[in-house]
Amino acid sequence: MKFFKYLLFVVYLLYFQQLVADECKNFEDKVLSIPYPENGIVTDGQQPKFDLGIFFKQDFNYQTNETFIARDKNNYPIVKFSLSERKIKPSSTLIKINNKDLSQLKDQEINNLINSNKAYIQTVSDGYHVNALEYDLYPFELEYFVINAIDEIKTKEGEFLLDYSFQVSHERPDWIEAGREIGYLTICPIDELVMSSKVYSPVTNTTDYLLQVGLDQDKTSSYAEQVYYADTDKTFTLSTTQGIARIKSDFNLKKFPFDEQILQIKLEPPYGMEYNDANNFPKPFVAIFTPRKNAYLDIERYKNENFLKEWKITKTSVENNLSILKQVSNFDRETIVEYIDDHITLNIYVKRNVNYFIFKIIIPVFLILSIAWSVMWIPPNQVESRLTTSIVALLALIAYNFVFNEDIPKLSYLTSLDRYILLSYLFCAIPTFLTIYFSRITKRDYNIALEINKRSRLLGVIIYLISATVIFST
């Protein structure tokens, strides 16, 4: 009986594999049968649009697990990019469209207004008459971004190591007929298909989404697949990448070791945004890179399930903003143009676990300083005893500084720990200077030396504690 069940399972598996192979073969054949365009420009999934060309920032509600248009504190929508009216800058707030108060409208109602042929748009300071225009839309979506591990957060070198896996999807309305050949739950590999000169896919492994300064080629891989969703009658190309990357980050270490840093993981789509002023393209185009729900949930999950020892994750966020770069045009070497990219940034806010530095550096330095300062309780006329104790303590502090020197970042500016160590050096040397000073005063009036010594030790403790507090609190 068990043998029969096993045989039945094997037969079903072979049948299913053959069925999938047939579906994928039919899909490839239909894609390759698409007529080659006369102008030689192979389609790449653009969606012709005719609307106001205004796009809004996106936000995510972790309580309801829903994405929505980002709004300001007064509930007005925040613009990400305006293609039709350039005076509406990124991160501008829209107040009204056709005199309708946008703070009172739902997201869908605002999107319906954007699909108008013309509109009067009001920002906080100005108003604009905007007409709809034709352009091509390239929608790219970050399906997920899984962080397997973050290792080697090297604040001194300004980089960290990321073990990741992510997937980007791109709708292909030009492949819809071919996509319908793909059955439910079937995923077709298309790496070989896109090598054809008749086919182009902007999300294949030729695209580097993740901005990084180094990668482990032996541990990095990517592949492209095609999937069809019958419920929406849409087909998507999926590009999945996984590997280990070295990412640069601009760490601010002024408060080291009580510092907090932001680990930024930045991804950019294959295309940017082009006004097409020079008519280098058939029409303007906009590539939108949008994070889906899993991208928000994955980074939040990593916050709660990470293995960082030296750091504690305080919060995470996903931002979807524009990067604007001025550089020489690809078509005219004498012209400076703006290149605009819609990018996704995953922010991981980390706070350093300071116990190591407290117990291994701050407390030992304080103890050595306390020994040096204790000579202030030795009578001023015992010069030899005071000098011996204070100088030995100073030398001990200098020697101990070499012990933990490798744990302190070597920077062009002083960190909080650097200032604390310098302060300790100063107060470790003060008793030696005072002892030499008292050796001269005691010959004239010993009572004056006693009074100055008494006031100095109390005043010194107060100044030191206040100074150390200011150093570590600012």
Side-chain angles (χ1 to χ4, degrees), residues 16-51 53 55 67 83 108 111-112 114-115 132-144 167-207 209 222-241 269-271 273-274 281-294 342:
F16 180 75
Q17 289 179 339
Q18 183 60 43
L19 182 63
V20 170
D22 291 342
E23 291 174 354
C24 293
K25 182 64 169 59
N26 293 338
F27 162 74
E28 291 183 5
D29 290 341
K30 283 214 167 187
V31 169
L32 294 174
S33 67
I34 297 175
Y36 195 79
E38 294 182 0
N39 59 7
I41 301 176
V42 180
T43 60
D44 47 6
Q46 69 269 34
Q47 300 181 17
K49 294 290 183 179
F50 182 76
D51 56 36
F55 302 87
T67 56
L83 182 65
Q108 186 56 51
N111 289 327
N112 291 338
I114 297 302
N115 290 325
L133 75 166
E134 290 187 12
Y135 64 94
D136 283 332
L137 177 66
Y138 291 91
F140 300 95
E141 295 180 314
L142 180 63
E143 294 290 331
Y144 64 80
Q167 186 179 83
V168 176
S169 66
H170 174 48
E171 185 185 354
R172 295 301 300 256
D174 52 327
W175 288 0
I176 187 60
E177 290 295 333
R180 289 169 183 155
E181 297 292 333
I182 302 175
Y184 177 64
L185 296 180
T186 300
I187 298 177
C188 295
I190 62 168
D191 286 315
E192 294 185 5
L193 176 65
V194 296
M195 297 302 292
S196 169
S197 60
K198 295 177 59 178
V199 177
Y200 181 71
S201 175
V203 297
T204 58
N205 54 11
T206 58
T207 300
Y209 301 93
S222 60
Y223 54 90
E225 300 168 316
Q226 194 73 19
V227 63
Y228 171 75
Y229 298 107
D231 54 342
T232 57
D233 192 30
K234 292 182 179 181
T235 184
F236 291 84
T237 303
L238 309 176
S239 176
T240 305
T241 306
Y271 303 144
M273 301 179 179
E274 172 62 60
F281 304 96
K283 51 185 169 179
F285 61 84
V286 175
I288 295 295
F289 200 17
T290 308
R292 291 184 62 84
K293 295 179 181 180
N294 269 335
D342 186 15

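Applying the side chain to side chain contact (heavy atoms under 4.5 Å, CB included) test to N294 and every residue at least two apart in sequence or in another chain returns Y144, L297, D298. Among residues two or more places apart in sequence or in another chain, the salt bridge (Lys or Arg N to Asp or Glu O under 4.0 Å) test is passed with K234 by none. A search for side chain to side chain contact (heavy atoms under 4.5 Å, CB included) contacts involving D136 returns Q46, P48, Y138, K283, F285, not counting sequence neighbours. Applying the side chain to side chain donor-acceptor pair (under 3.5 Å) rule to T240 yields the partners Q167; only residues at least two apart in sequence or on another chain are considered. For the side chain to side chain donor-acceptor pair (under 3.5 Å) test, no residue two or more places apart in sequence or in another chain qualifies with E274. By the side chain to side chain donor-acceptor pair (under 3.5 Å) test, Q108 is found to be paired with N112, residues two or more places apart in sequence or in another chain being considered. With sequence neighbours excluded, no residue forms a salt bridge (Lys or Arg N to Asp or Glu O under 4.0 Å) with E225. Every side chain to side chain contact (heavy atoms under 4.5 Å, CB included) that P270 has, sequence neighbours left out, goes to F140, P202, T207, Y209. The side chain to side chain contact (heavy atoms under 4.5 Å, CB included) test applied to L133 returns L83, S84, Y135, not counting sequence neighbours. With sequence neighbours left out, E177 forms a salt bridge (Lys or Arg N to Asp or Glu O under 4.0 Å) with R180. Annotation: salt bridge (Lys or Arg N to Asp or Glu O under 4.0 Å) contacts of D44 (sequence neighbours excluded): none. With sequence neighbours excluded, no residue forms a side chain to side chain donor-acceptor pair (under 3.5 Å) with N26.
Rounding to the nearest 0.5 Å places CZ of R172 at 9.5 Å from OH of Y200. Here C188 contributes atom SG and E28 contributes atom CD; the two are 7.5 Å apart, rounded to the nearest 0.5 Å. Interatomic distance, D233 CG to I176 CD1, rounded to the nearest 0.5 Å: 4.0 Å. Rounding to the nearest 0.5 Å places OG1 of T235 at 5.0 Å from CD1 of I182. Atom CG in L137 sits 9.0 Å away from atom CE in M273 (nearest 0.5 Å). Atom CD of E181 is separated from atom NZ of K25 by 11.5 Å, given to the nearest 0.5 angstrom.
Residue P284 comes nearest to E134 through the heavy atom pair CD-O, 3.7 Å, listed as atom of the first residue, atom of the second, then distance. Nearest heavy atom pair, residue L238 against residue S169, reads CD2-CB, 3.5 Å. Across all their heavy atoms, A224 and D191 have their closest contact at N-OD1, 3.1 Å. Across every non-hydrogen atom of A178 and K30, the tightest pair is CB-CB, 3.6 Å.
The shortest distance between side-chain heavy atoms of Y271 and V286 does not fall below 4.5 Å. With contacts defined as side-chain heavy-atom distances shorter than 4.5 Å, the pair P139/T290 does not qualify. In this structure, the side chains of V31 and V199 come closer than 4.5 Å at one or more pairs of heavy atoms.
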Passes side-chain contact (heavy atoms from CB on, under 4.5 Å), L193 versus L32? Steps please.
-> CA-CA 8 Å; L193 176 65; L32 294 174; 3.9 Å; yes
Verdict with reasoning, W175 to T237, per side-chain contact (heavy atoms from CB on, under 4.5 Å) | CA-CA 10 Å; W175 288 0; T237 303; 3.8 Å; yes
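D342 places no side-chain N or O within donor-acceptor distance of the main-chain N or O of I288, the cut-off being under 3.5 Å.
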